[in-house]
There are 2 protein chains.
Amino acid sequence: MLSKKTKYALHALTYLGKHRENKTVLIQDIAEEHGISHKFLENILLELRKAGYLGSKKGKGGGYYLIKEPKDIPLSRVIRLLDGPIALLPCVSLNYYEPCAECKDESHCGINKVMAQVRDETLKILENKTLQDILEGE
Amino acid sequence: MLSKKTKYALHALTYLGKHRENKTVLIQDIAEEHGISHKFLENILLELRKAGYLGSKKGKGGGYYLIKEPKDIPLSRVIRLLDGPIALLPCVSLNYYEPCAECKDESHCGINKVMAQVRDETLKILENKTLQDILEGE
DNA sequence: TATTTACCCTATAAAAAACATAGGGAATAT
DNA sequence: ATATTCCCTATGTTTTTTATAGGGTAAATA
């Protein structure tokens with residue numbers, strides 16, 4: 001399951017995607033819309049900004065805004081950013097690889113091989129679904 | 001990512017799948033083979049037995065053994081049993097459904113719709129990969 | 001039938017991760 | 001100047017995961 005962090009990030013991106021004509025959106029507005037803690041959401045938006053999905057403006061009239069096209073924001077990226085690996089095991093993670101302690105020989109591990117296939121197929125799904133798909137479903 | 005519980009369960013099932021000619025296998029043997037805590041593994045095997053994947057025999061000469069065909073043990077089942085939902089959000093889980101607190105109207109939520117699609121496609125993958133596939137990769 | 005073996009079951013504790021809050025700092029509009 | 005709003009780091013709380021403990025029960029064997 002996704003963490004609340006990732007779930008809230010998706011809600012925030014969706015909200016920002018729906019308000020692209022406005023210049024900026026306040027953290028507070030998104031937080032209130034979904035009943036999320038302001039401060040918790042703030043940390044999430046910060047991460048999204050650092051990752052290049054959002055822009056921000058300080059001071060009165062400031063706020064956040066989307067700087068990427070919704071079609072260029074795949075679920076895979078958002079999940080990786082906030083939740084970490086998409087692979088089901090560390091030993092098959094492309095971005096967060098770690099060997100499994102209980103596995104003596106990765107190259108002869110059937111679990112490893114199958115999980116690598118699962119990873120590839122799962123990635124295909126999550127790379128093809130984007131914020132755009134979410135917005136179209138609203 | 002899968003919990004260690006699920007990962008160990010897969011190792012145990014694999015071990016039992018590779019030793020089907022022997023009548024039974026000791027918890028201890030599996031635990032030692034993979035450097036897993038005996039007691040932790042015991043709880044996992046217990047769950048697998050209750051779920052109908054394993055049989056057991058008490059007393060001297062006892063132990064565990066596989067009672068299903070490897071091809072009839074899909075990853076989806078093992079994951080659901082030990083880790084819970086396969087869906088990425090509670091609001092699209094088939095077996096562990098819960099509404100999302102921050103979502104006012106599920107039927108008009110784009111995240112919900114996309115995640116339901118992701119769930120369906122992910123399930124296809126995990127239902128088609130079985131213990132048999134793991135055994136063939138060893 | 002006594003003894004040993006090995007699974008059965010529940011409870012509890014330790015560690016890690018997730019979730020949330022706090023509070024002052026820096027930039028900007030008015 | 002001042003109010004507004006994001007920026008950033010640190011810390012606390014809760015939940016989940018991981019692991020351990022210890023006695024109970026059934027079966028084989030002698």
Side-chain angles (χ1 to χ4, degrees), chain A residues 1-9 11-12 16 22-32 34-51 53-67 79 81-85 88-90 96 98 100-102, chain B residues 1-9 11-12 16 22-32 34-51 53-67 79 81-85 88-90 96 98 100-102:
Chain A
M1 300 266 273
L2 298 179
S3 68
K4 290 196 177 179
K5 229 171 160 180
T6 302
K7 190 164 57 158
Y8 292 166
H11 279 296
L16 289 163
N22 311 9
K23 284 196 189 118
T24 62
V25 170
L26 298 184
I27 295 177
Q28 193 57 35
D29 292 346
I30 306 174
E32 276 175 9
H34 294 101
I36 305 171
S37 144
H38 176 117
K39 280 297 196 177
F40 192 38
L41 185 59
E42 188 171 355
N43 288 324
I44 295 166
L45 293 180
L46 202 57
E47 283 196 71
L48 289 170
R49 183 185 62 79
K50 285 182 181 165
Y53 298 108
L54 306 183
S56 63
K57 237 180 122 177
K58 288 181 180 175
K60 193 166 191 176
Y64 281 98
Y65 50 94
L66 209 56
I67 56 177
I79 294 173
L81 179 66
L82 295 151
D83 259 13
L88 293 180
L89 294 180
Y96 302 83
E98 272 183 60
C100 289
E102 79 285 358
Chain B
M1 299 266 275
L2 298 179
S3 68
K4 289 196 177 178
K5 228 169 160 179
T6 301
K7 191 166 54 160
Y8 293 164
H11 279 296
L16 288 164
N22 312 10
K23 285 198 190 117
T24 62
V25 170
L26 298 183
I27 295 177
Q28 195 56 34
D29 291 347
I30 306 174
E32 275 174 9
H34 294 100
I36 304 172
S37 146
H38 175 117
K39 281 295 195 176
F40 192 39
L41 184 59
E42 189 172 355
N43 288 323
I44 295 167
L45 294 179
L46 201 57
E47 284 196 71
L48 288 169
R49 183 186 60 78
K50 285 182 180 167
Y53 298 109
L54 306 182
S56 65
K57 238 178 122 176
K58 289 182 180 177
K60 193 165 190 178
Y64 281 98
Y65 51 93
L66 208 55
I67 56 177
I79 294 174
L81 180 66
L82 295 152
D83 258 13
L88 293 179
L89 294 181
Y96 301 84
E98 270 183 60
C100 289
E102 79 284 359

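All values below come from the heavy atoms of this structure, side chains included, with hydrogens, waters and symmetry mates left out. Letters A, B, ... are given to chains in the order of the sequence lines, protein chains preceding strands, and every chain is numbered from 1.
- Here the P atom of nucleotide C/dC7 and the CG atom of B/Leu16 are 11 Å apart, to the nearest Å.
- If A/Asp83 and A/Gly59 are placed on DNA chain C by their nearest nucleotide, the residue sitting closer to the 5' end is A/Asp83.
- Side-chain proximity of B/Lys50 to the nucleotides D/dT18, D/dC7, C/dC9 is greatest for C/dC9.
- Listed nucleotides D/dT20, C/dC8, D/dT29 differ in distance to B/Phe40; the shortest reach to its side chain belongs to D/dT20.
- B/Ile27 comes within contact range of the sugar-phosphate backbone alone, with a heavy-atom separation under 4.0 Å but no base atom that close.
- Distance NZ (B/Lys57) to C1' (C/dC8): 17 Å, rounded to an integer number of Å.
- The interatomic distance linking A/Leu41 (CG) with D/dC7 (P) rounds to 12 Å, in whole Å.
- Ranking C/dC7, D/dT18, D/dA19 by closeness to the B/Ser37 side chain, first place goes to D/dA19.
- Using a cut-off of 4.0 Å between Lys/Arg side-chain N and Asp/Glu carboxylate O, A/Glu42 and A/Lys39 are scored as salt-bridged.
- Between B/Ile44 atom CD1 and C/dT10 atom C1' there is a gap of 17 Å when expressed in whole angstrom units.
- A pairwise comparison of heavy atoms in A/Ile27 and A/His38 identifies CG2-O, 3.8 Å as the closest pair.
- In this structure, B/Leu45 places its CG atom 12 Å from C1' of C/dA6, rounding to the nearest Å.
- Among the protein residues, B/Leu26 comes within range of the sugar-phosphate backbone only, with heavy atoms under 4.0 Å from sugar or phosphate atoms but none that close to a base.
- Atom CG in A/Leu48 sits roughly 14 Å away from atom P in D/dC6 (whole-Å rounding).
- OP1 or OP2 of D/dC8 sits under 4.0 Å from a side-chain N or O of A/Arg49.
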For this session: Carefully, step by step, assess B/Ile67 and B/Leu54 under the rule side-chain contact (heavy atoms from CB on, under 4.5 Å).
Result: CA-CA 5 Å; B/Ile67 56 177; B/Leu54 306 182; 5.5 Å; no
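- Across every non-hydrogen atom of B/Leu48 and B/Ala9, the tightest pair is CD1-CB, 4.1 Å.
- At C/dC7, none of the side-chain N or O atoms of B/Tyr65 fall inside 4.0 Å of OP1 or OP2 (strictly under the cut-off).
- In terms of polar N and O atoms assigned as donor or acceptor, the side chain of B/Lys39 comes within less than 3.5 Å of the base of D/dG22 in a complementary pairing.
- When distances run from any side-chain atom of B/Lys4 to the nucleotides D/dC7, D/dT18, C/dC19, the shortest one goes to D/dT18.
- Residue B/Ser3 places at least one side-chain N or O under 4.0 Å from the OP1 or OP2 atom of D/dT18.
- Summarising the geometry, the separation between CD on A/Glu47 and P on D/dC8 is reported as 12 Å, rounded to the nearest angstrom.
- The shortest distance between the side-chain N/O atoms of A/Ser56 and the OP1/OP2 oxygens of D/dC7 is below 4.0 Å.
- Using a 4.0 Å heavy-atom criterion, one finds that B/Glu42 contacts the bases of the nucleic acid, with or without backbone contacts as well.
- Contact between A/Leu81 and A/Ala51 at its shortest, heavy atoms only, is CD2-CB, 3.6 Å.
- The phosphate of D/dT17 (OP1 or OP2) has no side-chain N or O of B/Tyr8 nearer than 4.0 angstrom.
- Relative orientation of the B/Tyr8 and B/Phe40 rings is perpendicular, given thresholds of 30° and 60° on the angle between their planes.
- Side chain of A/Asn43, nearest nucleotide from C/dT10, D/dT9, D/dA26: D/dT9.
- Here the C1' atom of nucleotide C/dC8 and the CG atom of B/Leu54 are 14 Å apart, to the nearest Å.
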